Amino acid sequence: MSSAIRLTNTLTRQLEPFEPMVPGRVGVYLCGPTVYDLAHLGNARSAVNFDMLHRLLRHDFGVANVAFVRNITDVDDKIIARALETGVSIADLTAGSTQDYLDDLEALCVLSVTNQPRATEYIDEMIAMIQTLIDKGHAYPADDGNVLFHVPSMPDYGQLSRRSQDDIIAGARVEVSSAKRDPSDFVLWKPQKPDEPDHATFDSPWGRGRPGWHIECSAMSKAILGEVFDIHAGGNDLIFPHHENEIAQSRCANETAHMARTWLHNGMLMVEGQKMSKSLGNFFTVRDLLGQGHRGETLRLSLLSGHYRAPLDFTQAKLTEAKNRLDGWYRVWDGVTPADKVPEAVLNAIRDDLNTPQAMAEIDTLRGQSDQLAAAAQFLGLLQLTPDQWFRGGGGAGEGAGTGGDAGLSPNDIDALIAERAEAKKARDFGRADAIRDQLTETGIVLEDGAGGTTWRRA
RNA sequence: GGUACCGUGGCGGAGAGGCUACGCACCGGAUUGCAAAUCCGUGUACACCGGUUCGAAUCCGGUCGGUACCUCCA
């Protein structure tokens, strides 16, 4: 029998058994990217970590019973700024960035989501929700053209981040606008600015403008998953203010006790001990690393090598380690048909608050049963290539090149050199044989003399 | 200042009141013309100080250290 899924709920800070609201059916909303630039590794971490949740839910509840929503934020200050500075239209910028994002996720073996709403497709729903908030006394149009959510109108605001309003006001970065009734009030709708193009704004009862950041998730999750749904996930930097404000909007507009019942947050990705962030400018994009010759699976395993809630320090050593571990798995697997069932030990590790390090340790114990190992690793979204593709390049779409630097040697060239070396060995001309091997080593080709002859792989 | 999280062997990283994972690296051996790969073997770690307990790395208190969030952020 399968054990229960347990998840750490940010709302309660506790590990809780997960039970869907509607038995047998699950709804998940994951905060997706703002599309104005290539995805960085932090975006990838969130997508990959919660892809494990997606895979687990699909396994335990069935593909047809899981609604997994990941939004695309395609209206935002940064998008407009980037479009203005590059001269690319907003539509082209967001469409291109969205495709880049999806291509990167495919390389990382992230499953397609069931719904991918774009903010601009839900403007009407956002306006309706803002109007409801105004009608119910939770929001007001301010003198400066902004429509603001009035935080003191919600007595239990701050539950998710466990902040009192005093704490929030004491924060150094609160912008105290004279138009706000309370310093902690936040924007639902902002008026068009003089330098903003008309196609970046929308008509509303409060004049032309565009939605604030938080309202889109409230409107889209309601439209697709309902007023209350099972799981809402994202990076832990979104706990405050983004998710706190989503909760405020949704609960006040819908008059519900919850927005999502379970909130999951992944830890931040670090680089050299510091948080990688757009503001610090120390970030790698997924594209950077794929371009350096790292496989998507190597990146994926690296991102899953720590528990999702803990900070993850991303290093070159970690990539090497991930690559070596995958080499080992691909050697053991050797392409046999994977077992029908995912080994329970691996499933149970993931059911236990998405414990991917534990799951990988379990996989390591399956080296004697390669069909089991393959089934388990594929459940984690790994071993997606054939061993031949993995070791000798020619990977699938989006898998990135091999380690490169093979000086243009084709498999035929390599085979010819191997044949020449075999002749030299037969003649006991080991100097010549070693020279050929050294030549190949320099170009990133490793030879392995086995019982059935010599095989090669890319380092 | 407020709110959280965290300190495990060379590195990464689970677990968790007694059975001391797992990987990577290293070292020794087997194998090999030499390598590579593989196989065998070696590693007794839980920041510090107290407390609870028959027993604590695991529970409690404190200390030190690290990180994040406090209206750009996944």
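By convention in this document, chain letters (A, B, ...) are assigned in the order of the sequence lines, proteins followed by strands, and residues within each chain are numbered from 1. The model shown is predicted, which means the values in this text are computed figures rather than measured ones.
Between Asn49(A) atom CG and G13(B) atom P there is a gap of 13 Å when expressed in whole angstrom units. With rounding to whole Å, Leu238(A) atom CG is found 22 Å from U3(B) atom P. For the pair His243(A) NE2 and C73(B) C1', the computed distance is 12 Å after rounding to whole Å. The CG atom of Leu366(A) sits 14 Å away from the C1' atom of G23(B) (whole-angstrom rounding).
The main-chain N or O of Glu196(A) is found under 3.5 Å from a side-chain atom of Gln192(A) such that the two form a donor-acceptor pair. Remark: side-chain polar atoms of Arg82(A) are not paired, donor with acceptor, to backbone N or O of Asp37(A) under 3.5 angstrom. Within the 3.5 Å criterion, the main-chain N or O of Tyr308(A) finds no donor-acceptor partner in the side chain of Asn266(A). A donor-acceptor distance shorter than 3.5 angstrom exists from the side chain of Asp74(A) to the backbone of Ala119(A), with no hydrogens or angles considered. Between the side chain of Tyr330(A) and the backbone N or O of Leu385(A) there is at least one donor-acceptor pair closer than 3.5 Å.
Comparing the C1' positions of C73(B) and A68(B) gives an interatomic distance of 12 Å, to the nearest angstrom.
Between Cys31(A) and Met270(A), it is Met270(A) whose nearest contact on RNA chain B lies nearer the 5' terminus.
Across all strands shown, Gly450(A) has no heavy atoms under 4.0 Å from either base or sugar-phosphate atoms.
Here the nucleotide nearest the side chain of Ser184(A), chosen from C24(B), A74(B), U71(B), is U71(B). For Arg162(A), counting side-chain heavy atoms from C-beta on, the closest listed nucleotide (A4(B), A74(B), U38(B)) is A4(B). Set against A74(B), C34(B), C24(B), the side chain of Asp434(A) has C34(B) as its closest nucleotide.
Here Asp449(A) pairs with Arg421(A), Lys425(A), Thr454(A) under the side-chain contact (heavy atoms from CB on, under 4.5 Å) rule; sequence neighbours left out.
Contact check for Phe391(A) versus Asp327(A): side-chain heavy atoms found under the 4.5 Å cut-off.
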Nucleotide N/O to protein N/O under 3.5 Å, stretch nucleotides 25-30 of chain B:
from, atom 1, to, atom 2, distance (Å)
A25(B), OP1, Asn324(A), ND2, 3.3

Pick out the pairs of N or O atoms, protein on one side and nucleotides 17-22 of chain B on the other, that lie under 3.5 Å.
from, atom 1, to, atom 2, distance (Å)
C22(B), O2', Arg325(A), NH2, 3.3
C22(B), O2', Asp364(A), OD2, 2.6

All N/O contacts under 3.5 Å from nucleotides 44-47 of chain B to the protein, with atom names and distances to one decimal?
none

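Between Phe229(A) and Tyr29(A), the ring planes lie tilted relative to each other; the angle falls in the 30° to 60° range.
Contacts of residues 369-382 of chain A with RNA chain B (heavy atom under 4.0 Å): none.
The base of C34(B) lies close enough to the side chain of Arg437(A) for a donor and an acceptor atom to sit less than 3.5 Å apart.
Side-chain atoms of Asn43(A) and Tyr101(A) include no donor-acceptor pair closer than 3.5 Å.
In RNA chain B, consecutive stretches of 3 or more Watson-Crick or G-U wobble pairs with both distances under 3.5 Å are given as paired ranges: B:1-7 with B:64-70, B:10-12 with B:22-24, B:27-30 with B:38-41, B:47-51 with B:59-63.
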